[in-house]
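A short worksheet on the structure shown next.
Numbering of residues begins at 1 and proceeds along the displayed sequence. Counting starts at 1 for both ligands and their atoms, following the listed order.
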Amino acid sequence: MGLVKLLRNAEVFSPEPVGKKDILIVGNQIAVVESDIVVNVPDLEVIDASGLIAVPGFIDTHVHFLGGGGEGGFSTRTAELDPRDCIVNGVTTLVGCLGTDGVTRSLDSLYAKAKALEEFGLTTFIYTGSYRVPPVTFTGSIQRDIVLIDKVIGVGEIAISDHRSSQPTYEEILRIVADARVGGMLSGKPGIVNFHVGAGRKGIEYLFKIVEETEIPITHLYPTHMSRSKRLFEEGLRFCELGGMVDVTALQPFEREEDFSPVDALIMAYENGLIGAVTISSDGQGSLPVFDDMGNMVGFKVGSVGALLHTVKLAVEKGLPIWQVLKTVTINSAKVLKLKRKGKIEKGYDADIILMEDFHVKWVISRGKPLMVEGNVVEPFRVM
Ligand SMILES: CC(C)C[C@H](NC(=O)C[C@H](N)C(=O)O)C(=O)O
Ligand SMILES: [Zn+2]
Ligand SMILES: [Zn+2]
């Protein structure tokens with residue numbers, strides 16, 4: 001596998017459309033994006049991308065690496081993530097979290113799984129904590145976790161406005177955000193708090209209060225599941241107008257579009273000129289439980305990282321410009337995570353590139369390494 005690769009004649013979305021270009025990859029970086037690149041080095045690997053579009057590798061900011069669930073008892077715990085599911089769906093960067101179950105799912109295992117996904121060739125980060133407040137931590141302190149553990153980039157998913165939350169007070173939430181901010185400053189990380197926003201009436205009221213009453217920049221507040229209802233998403237757009245960013249959970253490949261779907265949310269954001277402030281994440285391997293009005297779980301499905309590609313495809317089919325939709329899983333996500341070299345097909349960026357045709361992924365290159373070649377996942381270890 002050569003150090004220098006040349007993708008020929010792809011229709012490039014960087015995610016802005018830049019037309020038919022060659023892409024020169026040197027090591028794990030993109031070196032040149034130009035027409036008709038001429039390069040002669042020994043063992044140059046040329047990949048013919050004619051007829052394919054090239055888009056930046058997808059960034060999924062909320063994935064249950066270990067699985068999650070449990071809201072209906074032990075047998076409803078969900079399975080852990082298979083990295084092949086990321087590759088076939090073009091996800092090359094992902095952030096792991098714990099969820100409702102912060103008892104039988106441990107941060108140690110989350111860290112180990114994040115390292116395993118890296119060994120498979122993906123780029124991973126994790127949130128410390130889980131739904132509960134005070135959050136579970138590695139070291140007993142949010143700041144120490146963020147400063148001392150390389151993969152920890154923030155805290156999440158902290159549940160608010162949900163019958164499964166720990167009913168945290170405003171002060172408890174404020175302290176978590178303050179600690180995440182300073183931990184991020186000390187370590188050059190985003191120091192964000194990924195909030196699980198439930199269906200509760202108070203929505204993201206706490207987040208608006210923090211913005212109004214404190215000096216903490218809005219960029220540390222990153223609420224997810226914001227397309228859970230139209231009302232909540234409209235609240236989310238108000239949050240974006242203040243300079244915030246919100247995350248919507250993708251439509252799972254098995255889900256029907258309900259009365260308000262993530263695609264409706266993307267259309268509403270686009271029409272309000274705010275699609276640059278919205279990301280999509282998959283909630284992959286998390287449980288998607290349904291409760292009766294007594295709060296008993298009556299059924300659940302399991303999220304899939306493939307929901308990102310599925311939702312992008314649906315939004316484009318609904319008429320949104322492809323590059324506007326691509327922003328929500330590339331540069332917008334990189335902005336939230338403060339990943340300076342991710343999310344674009346441009347010189348100096350990590351060579352995370354998907355080649356696809358009609359949203360069928362054909363090639364996946366992650367930090368310059370092919371993880372999928374002509375539709376086939378490259379297995380790093382021979383499974384005997
Ligand atoms: C957005 C909706 C549909 C799904 C959402 N999933 C989680 O929060 C993850 C889950 N609880 C787990 O820990 O595995 C939910 O339950 O509200
Ligand atoms: Zn959640
Ligand atoms: Zn989740």
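- Using a cutoff of 4.0 Å between basic side-chain nitrogens and carboxylate oxygens, R105 and E80 are not scored as salt-bridged.
- Residue, atom and distance of the protein heavy atom nearest to atom 17 (O) of ligand 1 are R164 NH2, 2.8 Å.
- Remark: among candidates T224, T249, D283, the nearest residue to atom 6 (N) of ligand 1 is D283, based on non-hydrogen atoms.
- In terms of heavy-atom proximity, T76 sits nearest to G73 at OG1-O, 2.6 Å.
- Remark: E118 engages K151 in a salt bridge, criterion side-chain N to carboxylate O under 4.0 Å.
- Less than 4.0 angstrom separates some heavy atom of S287 from each of these atoms of ligand 1: 4 (C), 5 (C), 6 (N), 7 (C), 9 (C), 10 (C), 11 (N), 12 (C), 14 (O), 16 (O).
- Residue contact annotation: D101 has no non-hydrogen atom under 4.0 Å from ligand 1.
- For the pair E255 and K301, the salt-bridge criterion is not met [side-chain N within less than 4.0 Å of a carboxylate O].
- Here the heavy atom of the protein found nearest to atom 8 (O) of ligand 1 is Y131 OH, 2.7 Å.
- Ranking the protein heavy atoms by distance from atom 14 (O) of ligand 1 puts G69 N, 2.7 Å first.
- Aromatic ring pairs are classed by plane angle as parallel below 30°, tilted from 30° to 60° and perpendicular above 60°; the pair F208 and F239 is perpendicular.
- Between E234 and R238 no salt bridge is recorded (no basic side-chain N to carboxylate O distance below 4.0 Å).
- Atom 13 (O) of ligand 1 has its closest protein heavy atom at T100 N, 2.9 Å.
- Geometrically, R144 does not engage F138 in a cation-pi contact defined by less than 6.0 Å to the ring centre and at most 45° from the axis.
- Ranking protein heavy atoms by distance to atom 2 (C) of ligand 1, first place goes to R228 NH1, 4.0 Å.
- If you look at D283 and ask which of its N, O or S atoms sits nearest the Zn ion (ligand 3), the answer is OD1.
- Between L308 and the choices I59, N89, V91, T279, the side chain to side chain contact (heavy atoms under 4.5 Å, CB included) rule is met once, by V91.
- When E205, E213, E212 are each tested for a salt bridge (charged side-chain N to carboxylate O under 4.0 Å, His left out) with K209, only one passes: E213.
- A tilted orientation is assigned to the rings of F233 and F260, their planes being inclined by 30° to 60°.
- Short contacts between ligand 1 and G286, defined as distances under 4.0 Å to a heavy atom of the residue, involve ligand atoms 14 (O).
- Annotation: K318, atom NZ; neighbour count of heavy atoms from other residues, nucleotides and ligands within 6.0 Å is above 12.
- Of all protein heavy atoms, the one closest to atom 11 (N) of ligand 1 is E71 OE2, 2.6 Å.
- Of the listed residues (H225, M226, K301, H196), the one carrying the non-hydrogen atom nearest atom 1 (C) of ligand 1 is H225.
- Each of the following atoms of ligand 1 lies closer than 4.0 Å to a heavy atom of G68: 14 (O).
- Among protein heavy atoms, the minimum distance from atom 3 (C) of ligand 1 is reached at L288 CG, 3.9 Å.
- The distance from the Zn ion (ligand 3) to the nearest N/O/S atom of H196 is not under 2.8 Å.
- Using 4.0 Å as the threshold, Q285 has no heavy atom nearer than that to any atom of ligand 1.
- Near G99, meaning under 4.0 Å from one of its heavy atoms, ligand 1 places the atoms 13 (O).
- Here the Zn ion (ligand 2) is the vertex; the NE2 atom in H225 and the OE1 atom in E157 give an angle of 110° (to 10°).
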